[in-house]
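Below is one structure, written out as structure tokens; the observations come after it.
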Amino acid sequence: MREVTCSTTVVFDLGGVLIDWDPRHLYRKLFDDRDEMESFLAEVTTAEWNAHQDAGRPWAEAIEILVAEHPERRELIEAFLRRWPEMLAGEIPGTVDVLADLRAAGVRLVALSNWSAETFPIARERFDFLAWFEGIVVSGEVGVNKPDRRIFGHLIERFRIEPAAALLIDDAPANVGAAAALGFRAIQFTDATALRRELKRLGLLPDVRAGSPPGQPER
């Protein structure tokens, strides 16, 4: 696998890497029984249903589709959008610190996220670190989700990225695989400690013990 160089662009996913977004943060407040909550999320407001909003489907249309199928659950379904900000718990511990260190090291930073165009402004207003990116590709604005190669093509064209000289960080294996197939070096995010260790190994962050400056891979 190719090593990255000092010209590397680092592409961050947002949800699950930098931002802790999870419907459970909201629905734990609305259900007394955990199993009932999990059934609702698995059978009604499913990940597949939400992915259509990430690909550009209007929220008003999405809510009405589910309410028509589950009229007795209207209030719970409508809460998905009405109380959407409560699904944002905050930053993923430690990852924003890694982002800050990359920024301080002069590494080019962009983001690529599956996110509804209607709800992303809420996150942008809440999280100041989103302004650190040169730019952010939001699937809901493009009209296609990861891991579809078309959104990676959009990213490459918009920011004039050479995949072989870029690194993508994402928590979803399918997205990591899709990026790797296009020539990116790709890391599956697990936690900030492991990410920092890998970035040091690649020379994108300095290793104080080794004395390696940014951009020079450790040997």
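Computed from a predicted structure; not experimentally measured. Throughout, residue positions are numbered sequentially from 1 according to the sequence presented.
Using bins of under 30°, 30° to 60° and over 60° for the plane-to-plane angle, the ring pair F40/Y27 lands in the tilted bin.
Around atom CZ of R34, no more than 12 heavy atoms belonging to other residues, nucleotides or ligands sit under 6.0 Å away. The local environment of CD in E72 is crowded, with over 12 non-hydrogen atoms from other residues, nucleotides or ligands closer than 6.0 Å. Within a 6.0 Å radius of CZ in R82, other residues, nucleotides and ligands contribute more than 12 heavy atoms. Remark: E157 CD is loosely packed, at most 12 non-hydrogen atoms of other residues, nucleotides or ligands lying under 6.0 Å away. Heavy atoms from other residues, nucleotides or ligands lying under 6.0 Å from CZ of R158 number more than 12. Counted within 6.0 Å of CD on E75, heavy atoms from surrounding residues, nucleotides or ligands total 12 or fewer; the atom is thus considered open. The 12-atom threshold is exceeded at CG of D33, counting heavy atoms of other residues, nucleotides or ligands nearer than 6.0 Å.
Between D13 atom CG and F189 atom CZ the span is 9.5 Å, to the nearest 0.5 Å. Here the straight-line distance linking atom CZ of R28 with atom CD of E86 works out to 13.0 Å at 0.5 Å rounding. The distance from atom CD of E141 to atom NE2 of H154, rounded to the nearest 0.5 Å, is 8.5 Å. Atom CG of L112 is separated from atom CG of N145 by 10.0 Å, given to the nearest 0.5 angstrom. The line from CZ of F31 to CG of L26 is 9.5 Å long, rounded to the nearest 0.5 Å. Between the CG atom of L14 and the OG1 atom of T95 there is a distance of 11.0 Å, given to the nearest 0.5 Å.
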Test side-chain contact (heavy atoms from CB on, under 4.5 Å) applied to L66 and E69, step by step: CA-CA 5 Å; L66 281 196; E69 295 175 356; 3.8 Å; yes
Intermediate values then yes/no, side-chain contact (heavy atoms from CB on, under 4.5 Å), V11 and F159: CA-CA 11 Å; V11 183; F159 295 107; over 6 Å; no
Trace of the side-chain contact (heavy atoms from CB on, under 4.5 Å) decision for I19 with W115: CA-CA 12 Å; I19 298 172; W115 209 300; 3.9 Å; yes
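Using modelled atom types, one side-chain atom of S116 and one backbone atom of E118 make a donor-acceptor pair closer than 3.5 Å. Between the side chain of R24 and the backbone N or O of E38, no donor-acceptor pair lies under 3.5 Å. Proximity of a side-chain donor or acceptor of W49 to a complementary backbone N or O of A62 within less than 3.5 Å is detected.
F152 places a side-chain heavy atom less than 4.5 Å from the side chain of L168. With a 4.5 Å cut-off on side-chain heavy atoms, N50 and F80 count as touching.
When all heavy atoms of I156 and P163 are compared, the pair lying nearest together is CD1-CG, 3.7 Å. Shortest non-hydrogen contact noted between L199 and L102 is CD1-CD1, 3.9 Å. What you find for P147 and A174 is that their closest heavy atoms are CB-O, 3.6 Å. The two residues P23 and L41 come nearest to each other via the heavy atoms CB-CD2, 4.0 Å. The two atoms that bring I77 and I63 nearest to each other are O-CD1, 3.5 Å, heavy atoms only. G94 and A192 get closest at one heavy-atom pair: C-CB, 3.4 Å.
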Could you go through residues 129-138 and list every donor-acceptor pair under 3.5 Å that involves a side-chain atom there, pairing it with any protein atom two or more places apart or in another chain?
unit_1 : atom_1 : unit_2 : atom_2 : d
E134   : OE1    : R108   : NE     : 2.7
E134   : OE2    : R108   : NH2    : 2.9

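I65 and L76 end up in different hydrophobic clusters when Ile, Leu, Val, Met, Phe, Trp and Tyr side chains are linked at under 4.5 Å. In the hydrophobic clustering of ILVMFWY residues, with side-chain heavy atoms under 4.5 Å counting as a link, V176 and L155 come out apart. Taken together through direct or relayed side-chain contacts under 4.5 Å among Ile, Leu, Val, Met, Phe, Trp and Tyr, L30 and M37 form part of one hydrophobic cluster.
Among residues at least two apart or in separate chains, salt bridge (charged side-chain N to carboxylate O under 4.0 Å, His left out) pairs with a member in residues 161-182 are K146-D170.
Checking each of D101, D191, L204 against R196 for a side chain to side chain contact (heavy atoms under 4.5 Å, CB included) leaves exactly one that passes, namely D101.
For E198 and R185, the salt-bridge test passes: some basic side-chain N is under 4.0 Å from an acidic carboxylate O.
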